[in-house]
Amino acid sequence: DDDYYGHDEL
Amino acid sequence: MNLFRLLGDLSHLASIFILIHKIQTTRSCRGISFQTQALYVTVFVARYIDLFFRWISLYNFFMKIFFIASSVYILYLMKYRYRPTHDPSIDTFKVEYLVGPAVVLSLIFNYKFEFTEILWTFSIYLEAVAILPQLFMLQRTGEAETITTHYLAALGAYRALYIPNWIYRYFTEDVVDPIAIVAGLVQTGLYLDFFYVYFTKVLQGQKFELPA
């Protein structure tokens, strides 16, 4: 899953 | 998105506006470390490479574009527009000591051994220490213009606000990002001395001066 680690923060 | 993260990001935005305002109104980049600013460009480019392959949100997209563009613009101001006002002889921190370990650490401690993932990790480690040339310069000169201290305070507040954001996310979303958290704690820790002087002096209306 590509978004597993999220990295949705800046 | 939660309030802590939003306030953190806004604080980060504010810090950049303060810095550009300082450079333009004083027509000088005196007291600003070019090396730290160059490290931030490196950080943003390495981390936001995901603009090309990962969509998160419109907010996220525009913020990333803004951080890359504004950091490059600041380098331009320092390197060309106000070049004579920058004194390289006091901006002498060896950035290799920061970039080298960040590269090595990101190769060892990462979530996945993939190129973009390692770039992301590298950017997190590098950002944690990118302020050091600036703090080192401050230490050397022993003083700073008040506006420069507001810039640093806003920048430090941004990372400090990410800490309650992680605590909040742990409880509400069950999200834990140990790499970001450890690096973020280190980064915030680097500001503690600065914050002490900022709160006890600058916010009391005095000039930012370190004891001789």
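Here is how names work: the chains are called A, B, and so on, in the same order as the sequence lines, proteins then strands, and each is numbered from 1.
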Which atoms of B:Y59 approach chain A - backbone, side chain, both or neither, heavy atom under 4.5 Å: side chain

CD (B:Q24) with more than 12 external heavy atoms under 6.0 Å: yes

Part of B:Y162 lying under 4.5 Å from any heavy atom of chain A: side chain

B:Y82 OH: over 12 foreign heavy atoms closer than 6.0 Å: yes

Between CD on residue A:E9 and CG on residue B:D177, distance to nearest 0.5 Å: 6.5 Å

Passing option when A:H7 is tested against B:Y48, B:F53, B:W120 for ring pair (Phe, Tyr, Trp, His ring centres under 6.0 Å): B:W120

Side-chain (A:D8) to main-chain (B:I56) donor-acceptor, under 3.5 angstrom: no

When B:F44, B:W166, B:Y158 are compared by non-hydrogen pairs under 4.5 Å with chain A, the top option: B:W166

Residues of residues 2-11 of chain B near chain A, each having a heavy atom less than 4.5 Å away: B:R5, B:D9

Counterpart residues, side-chain contact (heavy atoms from CB on, under 4.5 Å), relative to B:F109 (two or more places apart): B:L105, B:Y125

Heavy-atom closest contact (B:M63 atom, A:L10 atom, distance): CB-CD1, 3.6 Å

